[in-house]
Every structure is written in structure tokens, then in C-alpha cells.
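Only heavy atoms go into these numbers, but all of them, side chains included; no hydrogens, no water, no symmetry mates. Chain letters run A, B, ... following the sequence lines, proteins first and then strands; every chain starts at 1. For clarity, every value in this text was computed on a predicted model and none was experimentally measured.
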There are 2 protein chains.
Amino acid sequence: MTAGRAEFRELARQLRSVNAVNRELARHLPSDCPPASAGLLSLLRRHGEIRMSELTELLGIDMSVTSRHVAHATERGWIERHPDPHDGRSRLLRLTESGDRQLDDLSERATDTLAHRLYDWPDDDIAALNALLDRLRTSFCPAQIPTARDSSKK
Amino acid sequence: MTAGRAEFRELARQLRSVNAVNRELARHLPSDCPPASAGLLSLLRRHGEIRMSELTELLGIDMSVTSRHVAHATERGWIERHPDPHDGRSRLLRLTESGDRQLDDLSERATDTLAHRLYDWPDDDIAALNALLDRLRTSFCPAQIPTARDSSKK
DNA sequence: TATTGTTATACTCTATAACTATA
DNA sequence: TATAGTTATAGAGTATAACAATA
């Protein structure tokens with residue numbers, strides 16, 4: 001059966017409250033790394049070498065914002081920008097070794113915070129939440145951008 | 001069994017992607033109503049007449065930010081501030097009739113957007129996501145603030 | 001002294017519009 | 001002409017610190 005309006009209204013409330021969770025996670029980031037950089041690095045590891053436009057699609061923001069975030073991460077040596085051999089207008093982005101290490105640190109911090117707050121959650125519930133959130137993301141942003149693993153078939 | 005670190009890492013990613021969903025919901029708000037006001041009004045309907053400090057706890061932000069948002073909503077006539085008879089330092093907040101109508105409009109917009117994007121979601125999955133997100137919120141912000149008795153009307 | 005709330009300031013994130021360079 | 005990306009500008013959200021008023 002399809003969901004009723006009361007449940008969608010409740011969902012809107014619950015989604016807003018996720019902001020508070022994300023702020024709490026952001027409080028444990030290193031001072032030179034804004035939350036947006038964490039998102040950037042995470043997507044670059046997941047998807048490998050991608051273009052600005054693809055990253056913009058994945059982030060669900062305007063490309064002007066992506067451009068600024070990428071510039072910030074590049075200044076700090078976490079990302080490299082390379083020309084796209086197939087299109088002179090494009091730039092290909094990828095993690096540097098330094099960015100890879102930075103992301104390891106960021107992931108560990110976020111994982112520590114979640115493990116502490118959700119210490120009593122059963123494994124199945126975390127998995128269920130992950131699955132539902134992944135489907136939510138897909139329902140809102142149905143982008144078809146290859147991940148690093150299957151990018152070989154391209 | 002307790003969740004492993006890989007699942008927490010994945011959860012951090014999924015939670016970040018909720019930002020994009022919230023931005024999409026915000027795009028359908030009326031131009032004179034920033035997303036923060038929607039959150040304010042929603043909490044005030046749910047909890048009835050509460051104090052600044054309680055609202056701050058529910059929002060998970062600094063009270064200085066709450067103060068600014070409340071001032072904005074008050075200027076637009078959506079909220080009333082009353083002195084607390086039990087504590088001269090406090091102010092009690094509540095929705096005005098105009099704020100109540102405004103919130104009805106906001107809820108309808110958010111519900112329309114969700115119903116459109118999640119048209120193919122079964123009722124049970126929405127309910128499951130709501131339940132898990134509610135537990136997530138509780139795990140991060142275990143505030144004990146009473147809910148208004150008549151909030152189930154409407 | 002401690003607490004409640006407000007204000008000033010600065011920083012992050014975002015969108016729009018104008019611009020450059022390439023297709 | 002159209003597309004990829006950058007930059008300038010403005011608006012919203014937030015935290016810190018300093019402050020006033022009350023407990």
C-alpha cells in the first residue's frame with residue numbers, strides 16, 4: 001500500500017532532524033576541514049576519477065558551489081585537477097595520497113562518533129537504515145555515475 | 001550483534017546525502033519562509049508552549065541562533081513571545097493562528113514533494129524509515145521535553 | 001555567582017548571474 | 001550556439017564571545 005500523507009509529513013520532520021546529527025558529526029572534524037570537504041573526498045574515493053559536472057550531480061548542488069569546494073580542497077592538497085583528454089572544457093578530479101590519508105582520518109572520526117552514540121544499535125538496524133537512506137537518495141537524485149569498482153567497464 | 005565500523009562509515013555517507021534531500025524540500029518553500037522557520041513552527045506545534053532554552057535543545061543549535069530565528073518568525077507574526085510567570089529571565093513561545101496556517105501550508109508543500117518523489121514507496125518502508133530516524137534523533141539528542149497533548153489533532 | 005536570552009561578529013554553505021574557454 | 005567551469009555577489013545558517021537582566 002502507498003504511504004499516506006501523515007507519514008510523509010512525519011518524514012519531513014524526521015529529515016530535518018538529521019541536520020542536528022550532521023552538525024554533531026561536523027563538530028568532531030579537524031579545524032582545517034569543513035564538512036563540505038569531507039563529502040567531496042568521500043565521493044571521490046567512491047567514484048574514482050570524475051568530472052566537475054559529475055561531482056556536482058552527486059552532491060546535488062550548483063556547480064559554482066562545487067567549484068569553490070574543489071578549489072578549497074585543491075589548495076590543501078587533497079585533490080588534483082587534471083585536464084580531460086576527451087574535452088578541453090572539462091577537468092578530471094581525483095584524490096591525492098594526502099587526500100586519501102585525510103579521508104581515512106575523517107572516516108575514523110565520524111565512525112567513532114556514530115559508534116559512541118549508537119553503541120546499543122543492533123547491526124541489522126544500522127543496515128536497514130543504510131538501505132532506506134540509500135533508496136531515499138536514489139529517489140531524489142537518480143544519477144547514473146559509475147563507482148570506482150565498476151568504472152573499468154565504462 | 002553490534003554494528004561494525006564499515007556500516008557506521010556507510011551511515012556517515014548516507015546521512016550527508018540527506019542534506020541534498022532537505023535542500024530539495026527547501027526549494028519548494030514560499031520565498032518569505034526560510035527552512036529554519038519551518039523547523040521552528042513544526043516543533044512549536046508538536047510541543048506546544050515552550051521556552052527558548054527548550055526549543056534550543058530540540059533544534060540542537062546554539063541559543064543565539066534560536067534567538068535569531070525566533071525573532072524572524074515573530075516579526076512575521078507566526079510566533080508570540082510571552083513572559084514566563086515562573087522565571088523573569090525566560091520567555092514562552094507559542095504559535096499564533098497565522099503561524100498555524102503558515103505551518104499547514106509548509107507541511108502541504110513538503111508532503112507534496114515527498115509524495116511525488118517517493119510515489120512508489122510502500123507504506124511500510126516509509127514507516128520503517130520514520131521509526132529508524134526517530135531513534136537516530138533520540139540517540140543523538142535525548143532531550144526530555146513534553147509534547148503538547150493536543151498535537152494529535154488535525 | 002549562575003542562568004536566560006540577545007546582539008555583534010565571523011565563517012560556512014548555497015544560489016544566481018556574469019564571465020571565459022572550448023565544443 | 002551550447003556546454004564546462006570559474007568568479008562575484010548576496011542570503012541563510014551557525015558558533016563564539018560579550019553583554020543585560022534575573023535567579
Side-chain angles (χ1 to χ4, degrees), chain A residues 16-40 43 49-76 79-93 141 145, chain B residues 16-40 43 50-76 79-93 145:
Chain A
R16 263 195 298 265
S17 73
V18 171
N19 289 336
V21 175
N22 278 323
R23 277 195 299 274
E24 178 63 23
L25 290 174
R27 286 188 188 101
H28 295 89
L29 260 42
S31 60
D32 68 332
C33 183
S37 291
L40 231 59
L43 285 175
E49 195 175 58
I50 58 176
R51 311 202 308 173
M52 287 286 306
S53 54
E54 292 174 315
L55 184 56
T56 295
E57 180 75 17
L58 289 168
L59 288 167
I61 56 180
D62 191 88
M63 195 188 291
S64 65
V65 183
T66 308
S67 181
R68 173 163 294 200
H69 291 328
V70 165
H72 183 271
T74 301
E75 288 165 12
R76 275 155 189 75
I79 289 179
E80 284 174 342
R81 283 185 278 205
H82 299 281
D84 183 343
H86 298 91
D87 188 336
R89 299 168 300 179
S90 285
R91 304 177 84 167
L92 292 169
L93 309 172
C141 172
I145 293 167
Chain B
R16 263 195 298 266
S17 73
V18 172
N19 288 337
V21 174
N22 278 323
R23 277 195 300 274
E24 178 63 24
L25 291 174
R27 288 189 186 101
H28 295 89
L29 260 42
S31 59
D32 67 334
C33 183
S37 291
L40 231 60
L43 286 175
I50 58 177
R51 312 202 307 173
M52 287 287 305
S53 55
E54 293 174 314
L55 184 56
T56 295
E57 179 74 18
L58 289 167
L59 288 168
I61 56 180
D62 190 89
M63 196 190 291
S64 65
V65 183
T66 309
S67 182
R68 175 165 293 198
H69 291 329
V70 165
H72 183 272
T74 302
E75 288 164 13
R76 275 156 189 74
I79 289 179
E80 282 174 342
R81 284 186 278 207
H82 299 281
D84 183 343
H86 298 89
D87 188 336
R89 300 168 300 178
S90 286
R91 304 176 81 166
L92 292 169
L93 310 172
I145 294 166

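Sequence order on DNA chain C of the closest nucleotides to A:I61 and A:G88 puts A:I61 first from the 5' end. Toward the 5' end of DNA chain C, the nearer of the two residues A:A36 and A:H86, judged by each one's closest nucleotide, is A:A36.
Atom NE2 of B:H72 and atom P of C:dT7 are 15 Å apart (whole Å). For the pair B:L55 CG and C:dT6 C1', the computed distance is 15 Å after rounding to whole Å. For the pair A:D84 CG and C:dA21 P, the interatomic distance rounds to 19 Å; values are reported in whole Å. Taking atom CG of residue A:D32 and atom P of nucleotide C:dC11, one finds them 15 Å apart after rounding to whole Å. The separation between A:R68 atom CZ and C:dT16 atom P is 15 Å, rounded to whole Å.
Note on A:S64: a base of the nucleic acid sits closer than 4.0 angstrom, heavy atoms only.
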Donor-acceptor pairs under 3.5 Å, side chain of residues 25-36 of chain A to any protein atom, not counting sequence neighbours: which ones?
{"residue": "A:R27", "atom": "NH1", "partner": "A:E24", "partner atom": "OE1", "Å": "2.9"}
{"residue": "A:H28", "atom": "ND1", "partner": "A:E24", "partner atom": "O", "Å": "3.0"}

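Across A:S90 and A:R51, no two heavy atoms sit closer than the pair OG-NH1, 2.6 Å. Closest approach of B:R81 to B:L93, counting heavy atoms only: CG-CD2, 3.3 Å. Scanning all heavy atoms of the two residues, the minimum distance from B:L59 to A:R23 falls at O-NH2, 2.9 Å. Closest heavy-atom contact between A:D62 and A:T56: C-CG2, 3.9 Å.
Only one option out of A:R76, A:R68, A:H69 pairs with A:H72 in a side-chain hydrogen bond (donor to acceptor under 3.5 Å, both in side chains); it is A:R76.
Contacts with DNA chain D (heavy atom under 4.0 Å) in residues 17-28 of chain A: A:R23, A:R27, listed by number.
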Give every pair of a protein N or O atom and an N or O atom of nucleotides 1-5 of chain D that lie under 3.5 Å apart, one pair per line with the distance.
{"residue": "D:dT3", "atom": "O4'", "partner": "A:R89", "partner atom": "NH1", "Å": "3.3"}
{"residue": "D:dT3", "atom": "O2", "partner": "A:R89", "partner atom": "NH1", "Å": "2.8"}
{"residue": "D:dA4", "atom": "O3'", "partner": "A:S90", "partner atom": "OG", "Å": "3.1"}
{"residue": "D:dG5", "atom": "OP1", "partner": "A:M52", "partner atom": "N", "Å": "3.4"}
{"residue": "D:dG5", "atom": "OP1", "partner": "A:R91", "partner atom": "N", "Å": "3.1"}
{"residue": "D:dG5", "atom": "OP2", "partner": "A:S53", "partner atom": "N", "Å": "2.7"}
{"residue": "D:dG5", "atom": "OP2", "partner": "A:S53", "partner atom": "OG", "Å": "3.3"}

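The CG atom of B:D84 sits 11.5 Å away from the CZ atom of B:R91 when rounded to the nearest 0.5 Å. Taking CG from B:L58 and CD1 from B:I145, the interatomic distance works out to 3.5 Å, rounded to the nearest 0.5 Å.
Proximity of A:N19 to B:V18: side-chain heavy atoms (C-beta onward) are nowhere separated by under 4.5 Å.
For A:H69 and C:dT14, the shortest distance from a side-chain N or O to OP1 or OP2 is below 4.0 Å.
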